[in-house]
Amino acid sequence: MSPALAATLARSVHQAARALVGCTLTLDGVGGIVVETEAYAPDDPASHSFPGRTNRNATMFGPPGFLYVYRSYGLHWCANVVCEPEGMGAAVLLRALEPTQGVEEMRRRRRVEDVRLLCAGPGRLTQALGISLEHDGLDLFRTPFELRPPDAAAEIATGTRVGITKAGERPWRYALRGSPYVSRPLRRG
DNA sequence: CACAGGATATACT
DNA sequence: GTATATCCTGTGA
């Protein structure tokens, strides 16, 4: 991984969640620019890691830079980047991408025309990239994944997290300011 | 073994 | 705006 990105991942989930916005993520060459993330800290009631390590969330307690995938509402897959401090269950939820590579492949998988809807939401993003449980525990810095930092620092807008029932007031949602590819407008934060 | 509940997307009113 | 699909995990009997 790039030294700059490694250093930022090592700070905190919040630093990492900011640093990931603007990065380019692909799986088998299909993907785009990360435009929206959410931080899930240790000691965070909304985090899957909060009740402690289990079989499902084991990846969260592993090394940073790996992918944690879980099924949401019995329907969708959600993808998270494991962060420092290692072993504490800190992770960043990937909520939206700006599609830049393999757009036609994503359209086929999602069966929608509008590019803005291809990866706008955690479930949509995983469907477009073809991420599922088989990718849980894989290193994002190794093939078939590619994760590289932006050329210039992204301008970040913050807001409250989405779709959770605990600690929803925490402004731990980070987005690329002004991007039309976010899953929904930011509120507060 | 049974069952509640969840970091959502979509279709429909 | 709200209904609802759909399934796996974690917890407790």
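The figures that follow rest on heavy atoms only: side chains count, while hydrogens, waters and symmetry mates do not. Just so it is clear: chains get the letters A, B, ... in the order the sequence lines come, proteins before strands, and each one is counted from 1.
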Review point. How close do A/Pro150 and A/Val21 get, heavy atom to heavy atom, and via which atoms?
Key: CG-O, 4.4 Å
Exercise for review: Please determine, for the side chain of A/Arg124, which listed nucleotide (C/dT6, B/dT10, B/dA7) has the closest atom?
Suggested key: B/dT10
Check your understanding: Whole-Å distance between B/dG5 P and A/Phe50 CZ?
Key -> 18 Å
Study note, to complete from the structure: Note: for A/Leu75 and A/Arg71 on DNA chain C, the residue whose nearest nucleotide lies more 5' is A/Leu75
Point to revise | Side-chain donor/acceptor contact of A/Tyr70 with base of B/dA7 under 3.5 Å | key: yes
Practice item. Write down the partner of C/dA5 under the Watson-Crick or G-U wobble criteria, each distance required to be under 3.5 Å. Key: B/dT8
Check your understanding: With distance as the sole criterion, is a donor-acceptor pair present between the side chains of A/Arg109 and A/Gln127 under 3.5 Å?
Key -> no
Exercise for review: Nearest whole angstrom, please: distance from the P of C/dT9 to the CG of A/Asp136.
Suggested key: 10 Å
Check your understanding: Starting at CZ of A/Arg111 and ending at P of B/dA11, how long is that distance when rounded to a whole Å?
Key -> 12 Å
Practice item. Return the value, rounded to whole Å, for the distance between atom OH of A/Tyr73 and atom C1' of B/dA9. Key: 11 Å
Check your understanding: For A/Asp43, does the CG atom sit with more than 12 other heavy atoms under 6.0 Å from it, leaving out its own atoms?
Key -> no
Point to revise | Interatomic distance, A/Arg184 CZ vs B/dA9 P [rounded to whole Å] | key: 8 Å
Practice item. Rounded off to whole Å, could you give me the CG-to-P distance for the A/Leu93 and B/dG6 pair? Key: 16 Å
Practice item. Look at A/His48 and B/dA7 and indicate whether a side-chain polar atom (N or O) is within less than 4.0 Å of OP1 or OP2. Key: yes
Check your understanding: How long is the span from the SG atom in A/Cys23 to the CG atom in A/Leu97, to the nearest 0.5 Å?
Key -> 11.0 Å
Revision key, fill the gap. Contacts of A/Lys166 and A/His76 projected onto DNA chain B by closest heavy atom; the upstream (5') one is A/Lys166
Practice item. Write down the distance between CD (A/Glu38) and P (B/dT8), rounded to a whole number of angstrom. Key: 8 Å
Practice item. Could you state the atom-to-atom distance from CG of A/Leu94 to P of B/dT8 in whole Å? Key: 14 Å
Check your understanding: Toward the 5' end of DNA chain C, which comes first, A/Trp77 or A/Pro51, by nearest nucleotide?
Key -> A/Trp77
Check your understanding: Taking for each residue the nucleotide of DNA chain B with the nearest heavy atom, is it A/Gln127 or A/Ile164 whose nucleotide lies nearer the 5' end?
Key -> A/Ile164
**Study point:** Of A/His14, A/Arg95, A/Glu36, A/Arg18, the residue whose pairing with A/Tyr174 passes side chain to side chain donor-acceptor pair (under 3.5 Å)
**Key:** A/His14
Check your understanding: Hey, is the side chain of A/Arg110 poking within less than 4.0 Å of OP1 or OP2 on B/dT10, counting only N and O atoms?
Key -> yes
